[in-house]
Amino acid sequence: VQSASLGLSYRAATLAANATTYTFAVLDEDLQNLGFSLERDHGLDHSDPPDARGLVGPYFGRLIAYSSAAHAGRLWWTPVGRPWYFPFADDEDGNWEDAGSDREEILKITMRPGTLVIYKEQSIWRLVGDPDTSSPQHVTSKIPPVGRFAIAEAGNVDYFVGQSGVYRFALDAPMEISQEIRPIFTNDYVKLHSDVIIPPMDDSNRNKCVLEYANNELWLSYPTA
């Protein structure tokens, strides 16, 4: 099907066992009624999206990609309502911004209404509002998560595993909630009750911790020595 004003052809359907191509010229509004999206601004960049490790959204009508091999601490975003491309992802003036150091990897981004929480290897950041008009703000470097799977979303709060325990994070200072099992983080055993004793965590493999939130319960899986 060919757009009358743009002169662009769109594949509407493929006929089985038929090598012939048929092109029909239609009005733009009719083409849009058929479900085709017409891009009139040829100045927009349609290059490949960043080779990112993570993706969240919709956030303010955008998709947010984050962390690549070349830019570990960077996030990219799409235009509003156009999730199929990231403008000028590799250019100096593209839709992207670094959260602190570009060399410090973003492990995970979680979403709240109007806010992104950006968990990095050595720090936590947040972005309040539209990424087109706002920049990431540093929250803390005292208690970062130990790994990308050690972060769990639970509605308006997050939970994560740090070097010294499990923490609740509600956009302010992280608060420890693991006092009863704290000894496993200091190379000691914990006796939960008469029949259950849990072993300490393996210090050298804390980044393999997994934290999940389900049915109002927080579950921690951790490597033992």
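These values consider heavy atoms only, across backbone and side chains, with no hydrogens, waters or symmetry-generated copies.
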For this session: Give the intermediate values and the outcome of side-chain contact (heavy atoms from CB on, under 4.5 Å) for residues V117 and L171.
Result: CA-CA 8 Å; V117 183; L171 296 181; 3.5 Å; yes
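- For D93, the CG atom counts as loosely surrounded, since its 6.0 Å shell holds 12 or fewer non-hydrogen atoms of other residues, nucleotides or ligands.
- Note that CZ of R126 and OG1 of T115 are 8.0 Å apart. Values are rounded to the nearest 0.5 Å.
- Panel note: side chain N215, backbone E217; no donor-acceptor pair is recorded below 3.5 Å.
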For this session: Please report the C-alpha distance between H71 and W76 in whole Å, then the side-chain angles of each, then the deciding distance to 0.1 Å, and finally whether the side-chain contact (heavy atoms from CB on, under 4.5 Å) criterion is met.
Result: CA-CA 11 Å; H71 303 286; W76 298 261; 4.2 Å; yes
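- Taken to the nearest 0.5 Å, the CH2 atom of W77 stands 8.5 Å off from the CG atom of D130.
- The side-chain heavy atoms of K108 and T110, taken from C-beta on, include a pair separated by under 4.5 Å.
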For this session: Please test R62 against D132 for salt bridge (Lys or Arg N to Asp or Glu O under 4.0 Å), starting from the C-alpha separation and ending with a verdict.
Result: CA-CA 10 Å; R62 310 175 187 274; D132 250 2; 3.0 Å; yes
For this session: Verify side-chain contact (heavy atoms from CB on, under 4.5 Å) between F88 and N95, making sure each step is shown before the conclusion.
Result: CA-CA 7 Å; F88 307 100; N95 280 20; over 6 Å; no
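- Residue I143 holds its CD1 atom at 11.0 Å from CE of M175, rounded to the nearest 0.5 Å.
- Comment: R168 does not engage E176 in a salt bridge, judged by the lack of any side-chain N to carboxylate O separation of less than 4.0 angstrom.
- The nearest pair of heavy atoms linking P144 to S123 is CB-N, 3.7 Å.
- Residue V128 is not grouped with residue W125 when hydrophobic side chains (ILVMFWY) are merged at heavy-atom distances under 4.5 angstrom, including chains of intermediate members.
- Under the 4.0 Å criterion applied to side-chain N and carboxylate O atoms, R112 and D158 are assigned as salt-bridge partners.
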For this session: For R74 and Y66, run side-chain contact (heavy atoms from CB on, under 4.5 Å): C-alpha distance rounded to whole Å, both residues' side-chain angles, the deciding distance at 0.1 Å, then the answer.
Result: CA-CA 6 Å; R74 181 166 297 181; Y66 60 90; over 6 Å; no
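- Between D102 and A70 the shortest heavy-atom distance is OD2-O, 4.0 Å.
- Note that the OG atom of S135 and the CD atom of E97 stand 3.5 Å from one another [nearest 0.5 Å].
- In this pair, Y167 and F160 present their aromatic rings parallel. The plane angle is below 30°, not in the 30 to 60° band.
- Cluster annotation: I124 is not connected to F149 through the hydrophobic network of ILVMFWY side chains, with a link wherever side-chain heavy atoms come within less than 4.5 Å.
- Contact check for P58 versus P83: no side-chain heavy atoms found under the 4.5 Å cut-off.
- With sequence neighbours excluded, no residue forms a side chain to side chain contact (heavy atoms under 4.5 Å, CB included) with D51.
- No continuous path of hydrophobic side-chain contacts links L75 to F86 [ILVMFWY only; heavy atoms under 4.5 Å].
- Between K208 and D202 there is no salt bridge, since no side-chain nitrogen of the basic residue lies less than 4.0 Å from a carboxylate oxygen of the acidic one.
- In terms of modelled atom types and a separation under 3.5 Å, the side chain of K120 and the main chain of E104 share a donor-acceptor contact.
- Between the Y119 side chain and the I151 main chain, no donor and acceptor come within less than 3.5 Å of each other.
- Atom CD of E121 has more than 12 neighbouring heavy atoms from other residues, nucleotides or ligands inside a 6.0 Å radius.
- Rounded to the nearest 0.5 angstrom, I109 CD1 and Y59 OH are separated by 10.0 Å.
- Taken together through direct or relayed side-chain contacts under 4.5 Å among Ile, Leu, Val, Met, Phe, Trp and Tyr, L127 and L63 form parts of separate hydrophobic clusters.
- The 12-atom threshold is not exceeded at CD of E180, counting heavy atoms of other residues, nucleotides or ligands nearer than 6.0 Å.
- Applying the under-4.5 Å side-chain rule to Ile, Leu, Val, Met, Phe, Trp and Tyr, the cluster around I177 extends to V146, V157, Y159, V161, V166, I181, I184, F185, V190, L192, V196, I198, M201, L211, Y213, L218, L220, Y222.
- Listed by first then second residue, pairs satisfying side-chain hydrogen bond (donor to acceptor under 3.5 Å, both in side chains) with a partner in residues 141-150 read E105-R148, H138-S141, not counting sequence neighbours.
- Looking at every heavy atom in both residues, Y189 comes nearest to P183 through O-CB, 4.0 Å.
- Within the 4.5 Å cutoff, side-chain heavy atoms of P79 are placed close to those of P87.
- I118 and F169 are members of different hydrophobic clusters when ILVMFWY side chains are connected at heavy-atom separations under 4.5 Å.
- In this structure, S67 contributes its side chain and A52 its backbone to no donor-acceptor pair below 3.5 Å.
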